[in-house]
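First listed ligand is number 1; within each ligand, the first listed atom is number 1. Keep in mind it's a predicted model, so treat the numbers as computed, not measured.
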Amino acid sequence: MKSGWADRDAEAAVAHFAKAPGAKSAIDRDLALRVYTTRLLGRDPKLVLHGGGNTSLKTRMTDRFGEEVEVLRVKSSGSDMATIEPDGLPAVRLLPMRKLRALKTIGDEELVGIERANLIDPTAPNPSVEMMLHAFLPHKFIDHTHATAVLSVIDQPDGEKKCAEVFGGRLAFVPYLMPGFGLAKKAIEVFEAVKPSDGLILGNHGIVTFGETAREAYERMIELVSLAEEFIARNRKTAAAVVAPQNIAGIAQIAPLVRGACCVQDDRVEGAWRRLVLEYRDSDAVENFVNAKDLQRLSQSGLITPDHTIRTKNWPLVLPAPASGKLADFARAARERAGQFITRYHHYFAQHNERTGGIKRELDPLPRVVLVPGLGLFGLGRSKQDAVIAADIAEAWVEGVSDAEAIGRFESISEADMFDCEYWPLEQAKLGKIKELPLAGQIAAVTGAGGAIGAATARTFAAAGAEVALLDVNLSAAREQATALSATALPVECDVTDAGSVTAAFDKIAAAFGGVDIVVSNAGAAWQGRIGEVDEDVLHRSFELNFFGHQRVAQAAVKIMLAQGTGGCLLFNVSKQAVNPGPNFGPYGIPKAAALALMRQYALDYGSDGIRANAVNADRIRSGLLSADMIASRSKARGLSEKDYMSGNLLGREVTADDVAQAFLHHALALKTTADVTTVDGGNIAAAMR
Ligand SMILES: [Zn+2]
């Protein structure tokens, strides 16, 4: 591991922060360099992952009353070190914090209250849960990480001995205690007794380095972590050869089965499920791990550092290798083992909740990491972003455990210790107040997503909490809409008139998110011609897109929905032409009428599988089908203004793509509605359903 310190960058940071716009006070050299090295640590996943780790600086500040006071500036709880700003290091009066050392214990709420009461800026975020450790140690700069290599060395039955062997007297060893006040007191006691030169090892947890300057603390971290890396490289036993199982089914087939297994019914609403989104990883290290002979033991051996529990839970779910052609066997085994995982989690919760006074509320019992021999690992989360975080941490865990085993034997903390961290309110607070959106955990695919109605629908579903795949025959149009939507929105090239293209698109969605729950089959185009004279080829082309396109999309989606076994929702953009044909619009209206029948057939054939099918009949929406030029010419032909033409309906209101999107959202949420058509046209009796 190399130091990322560069004098030029450090000076640039000092200069930048000295005149940073919007900063609440002038930012001096020490704080600027504190931010600079915090970011250096934060950008290396081998040191710090997703809100783990923290840093601090002891300095002086003038408070609201003009008094100069000694303060601790410490990273705020759960914030990301890679992108931290000076305001992400709230300042707390140091002396009152230090006085707390006289107390034997203190409750979490009281401690947070005292910390907040001593903030220089009362609106600042909460300081890190490890703040007291920074407060009690005397050093000006303190860096703390959960470096993977260090964890491999210390997460051992003889972790303390290995610590002495690798780091000599430079780091003192603090035996495992839960993070927080107790650990902070223990750490300062050990420091005062041993007086190590560079820092501390926190047993089964991580490493602390300190220094008089930002550079000294940071470079000690890099140097000491490098010592751990070198020790692992020097002492690595030759790993037993791993034989990967052969003839393994593909990710697109397996992911929906895994996703369906890791799901629970929502007791509050019949037909509702608590679903998760998947993120797949298959690095060499992951493959070696999931194919290891003693995977059972390794997989159940526990966390490498306690704060991972809020993202991965304490253990992964381990499934059998999925043999190609034997998917039903795999599906059965996956459900059985997921069921066992959930039962074990309930038991674990009940047992430790009783031990700690019976006041905790159980979190959802679903796994957050799934290991599949022959394939790799999945991170699971209520959103794609959470799934990615779980997968990142699972990969670090795989590396930490593998390297620990390569030089000895991995040993974690006890189940009781893991529970205490998982259910520590200050840990859970790192996740923030989660506002559950109505479609959280669901995956929606929208065809024709590059167009007006498709894009509005994708936007509406994403705003309701769904992960969204945007399918379009024009990939750059889909990509443009996806980029505007979110970092996790997935653009997919899909020509619904080509069966192979549809299959490939849905494979891509299943591999990226784990499956699909809602499909909005929206792609379409209009052809015209007087039906008695129209060229048959025109009819064929329109049927390919406006009927068979819907059928191919629905068929591909149903296959995944059946594999998941958690129902689903098919939505069709049918158009009013299906029930109220316009003159010379037969080539468009007739396949749309067939699409309406198609929707009802899906509702009928798959209702018992919990799959709903509904349609929206929309009319006169500004879109690719009704362009600005067409609006201009048609309104002129009727002697109307454009506005009067567009709002020529019973309500006298123009109907927009967003109105159509709202109708699709309504259908997605209406769990007791199937085979229904919602008309979104501002009112047109001739086109009303009967
Ligand atoms: Zn820590």
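Between R234 and E229 there is no salt bridge, since no side-chain N of the basic residue sits under 4.0 Å from a carboxylate O of the acidic one.
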Next on the checklist: Between F210 and F191, does the ring pair (Phe, Tyr, Trp, His ring centres under 6.0 Å) criterion hold? Intermediate values first, please.
Outcome noted: CA-CA 12 Å; F210 38 63; F191 171 76; 5.6 Å; yes
Next on the checklist: Show, in sequence, the C-alpha distance, side-chain angles and deciding distance for T148 and E399, and conclude whether the side-chain hydrogen bond (donor to acceptor under 3.5 Å, both in side chains) test is met.
Outcome noted: CA-CA 7 Å; T148 320; E399 187 186 325; 4.9 Å; no
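Applying the salt bridge (Lys or Arg N to Asp or Glu O under 4.0 Å) criterion to D420, with sequence neighbours excluded, gives R355. Every residue two or more places apart in sequence or in another chain that forms a ring pair (Phe, Tyr, Trp, His ring centres under 6.0 Å) with H144 is listed here: H146, H205.
Protein contacts to the Zn ion (ligand 1) involving N, O or S atoms at a distance below 2.8 Å are E130 OE1, E130 OE2, H144 NE2, H146 NE2, H205 NE2.
Residue pairs that meet the salt bridge (charged side-chain N to carboxylate O under 4.0 Å, His left out) test with at least one member in residues 279-293, sequence neighbours left out, are E279-R281, E279-K384, R281-D392, R281-E395.
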